[in-house]
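Inspection log for the structure reproduced underneath, given as structure tokens.
Protein chains get the first letters and strands the later ones, always in sequence-line order, with residue 1 at the start of each.
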Protein chains: 2
Amino acid sequence: MAATKDPRPCSIADTLALVGEKYSLLVLREVCLGNSRFDQLVRNIGAPRDILATRLRRLVDAGILTKRAYSERPQRFEYRPTQAGLELEPVLLTLMAWGDRHVRNDDDRPMVVEHGCGNELLPVVTCSACGDTVRHEDLTAHPQAPGWTVTGPTVA
Amino acid sequence: MAATKDPRPCSIADTLALVGEKYSLLVLREVCLGNSRFDQLVRNIGAPRDILATRLRRLVDAGILTKRAYSERPQRFEYRPTQAGLELEPVLLTLMAWGDRHVRNDDDRPMVVEHGCGNELLPVVTCSACGDTVRHEDLTAHPQAPGWTVTGPTVA
DNA sequence: AAGTGAGGGTTGGATTTTCCAACTCTTCGA
DNA sequence: TCGAAGAGTTGGAAAATCCAACCCTCACTT
């Protein structure tokens with residue numbers, strides 16, 4: 001999935017090169033839920049075992065997951081998110097919220113996440129400087145590197 | 001990419017079924033930046049033209065993009081995000097922030113996004129109820145449907 | 001002692017996608 | 001008349017995915 005000729009330097013593309021392959025983010029979903037063993041992942045994700053093995057290697061190499069033996073004799077392993085992996089959780093939450101809104105007709109959500117404050121988590125992306133919810137119209141893109149051509153009076 | 005046997009009902013998986021294929025989110029990046037024409041997309045994304053055509057059809061079908069003629073005679077088209085498409089922008093922003101932090105060593109970010117408040121946008125996912133930044137430890141998953149087995153004392 | 005089952009993969013081959021370059025078609029401009 | 005731009009489509013080679021079957025180690029049962 002390496003962007004062999006991607007003409008744009010871009011952190012979105014770079015990130016997707018690590019976690020954008022099929023099943024990778026679902027692996028992350030599972031390990032964030034605490035499901036850490038190979039067979040659990042196979043069952044819960046529905047991925048072919050060989051593909052899953054490949055993905056796990058990739059994610060471990062990328063520093064997103066760690067692989068640890070939870071038992072020698074018989075050797076058994078578990079996969080857990082690293083700090084970097086946990087920092088991708090907001091991506092999952094945002095994807096989930098979008099899916100709840102747009103692919104399901106809300107209200108038959110397969111999962112609800114509860115926040116420590118006692119309420120159901122409705123994740124919102126905000127500007128850390130002012131705290132406001134991010135709206136498309138409030139954004140302006142500033143390319144820092146060559147390769148970016150932003151057409152309109154537009155925005156990221 | 002349809003999850004043919006995904007044993008888990010999951011909005012993350014559902015959303016990825018729509019936008020998780022290679023290049024789809026980069027298409028969204030481009031249209032959010034205002035680059036709306038086929039050839040621009042080919043150049044900026046670096047995708048094969050045939051694949052891009054396929055992705056565009058998918059995204060239009062999914063209601064994430066619209067296709068409009070901006071010129072008859074010669075027929076020319078533009079792709080723009082729908083409201084639903086724009087609501088995926090937070091996913092892009094979060095992916096970008098993660099990449100800035102973890103794949104680049106910060107400080108050579110290819111793009112900076114400015115927020116309407118005048119500051120550089122550092123996107124943070126917060127709980128809409130209490131306003132706090134979402135941390136993994138504060139989350140508890142509540143499966144609503146069968147098929148979910150959350151192992152540990154864990155979390156989404 | 002033999003058989004069974006769990007866990008964590010690997011292997012071979014069929015199927016599906018991607019990739020790439022070339023080609024098409026239409027219309028505008030020189 | 002001769003490009004050139006825009007928006008794709010097409011055919012065939014290369015790569016990735018899918019699937020079922022297999023392997024290995026150890027533990028537990030009978």
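Between A/R49 atom CZ and D/dC18 atom C1' there is a gap of 14 Å when expressed in whole angstrom units. The distance from atom CG of A/D50 to atom P of D/dC23 is 17 Å, rounded to the nearest whole Å. Between the CZ atom of B/F38 and the C1' atom of C/dT24 there is a distance of 13 Å, rounded to whole Å. One interatomic measurement links the two molecules: CD of A/E72 to C1' of C/dG7, which rounds to 14 Å at whole-angstrom precision. Atom CZ in B/F77 sits about 10 Å away from atom P in D/dT9, given to the nearest Å. In this entry the distance linking CZ of A/R76 with P of C/dG9 reads 10 Å, nearest Å. In this structure, CG of A/D39 is placed 15 Å from P of C/dG5, rounded to the nearest angstrom. With rounding to whole Å, B/L52 atom CG is found 15 Å from D/dG6 atom P.
Here the side chain of B/P48 is nearest to one of D/dC18, C/dG7, C/dC19, namely C/dC19.
Taking CG of A/L95 as the reference point, atom CZ of A/R29 lies at 11.5 Å (rounded to 0.5 Å).
Between B/V27 and the choices B/I64, B/N44, B/L59, the side-chain contact (heavy atoms from CB on, under 4.5 Å) rule is met once, by B/L59. The side-chain contact (heavy atoms from CB on, under 4.5 Å) test with A/L28 is passed by exactly one of A/L65, A/L33, A/V19: A/L65.
Distances shorter than 4.0 Å separate some side-chain N or O of A/K67 from OP1 or OP2 on C/dG9. Listed pair B/K22 / C/dC19 meets the phosphate criterion, a side-chain N or O lying under 4.0 Å from OP1 or OP2. Between D/dT9 and B/R57, a contact under 4.0 Å exists linking OP1 or OP2 to a side-chain N or O. Residue B/R55 places at least one side-chain N or O closer than 4.0 Å to OP1 or OP2 of C/dT18. Side-chain N/O atoms of A/Y79 include one lying less than 4.0 angstrom from OP1 or OP2 on C/dG9. Distances shown here put a side-chain N or O of A/R37 below 4.0 Å from the OP1 or OP2 atom of C/dG7. Put simply, A/Y23 has a side-chain N or O that comes within less than 4.0 Å of OP1 or OP2 on D/dC18.
Pairing each heavy atom of A/R55 with each of A/K22, the nearest pair is NE-O, 2.8 Å. Between A/Q40 and A/S36, the shortest heavy-atom distance links the atoms OE1-N, 3.1 Å.
Comparing A/I51 and B/A53 by the nucleotide of DNA chain D whose heavy atom lies nearest to each, the residue mapping closer to the 5' end is B/A53.
Residue contacts for A/R73: at a heavy-atom cut-off of 4.0 Å it reaches the sugar-phosphate backbone alone, with no base atom in range.
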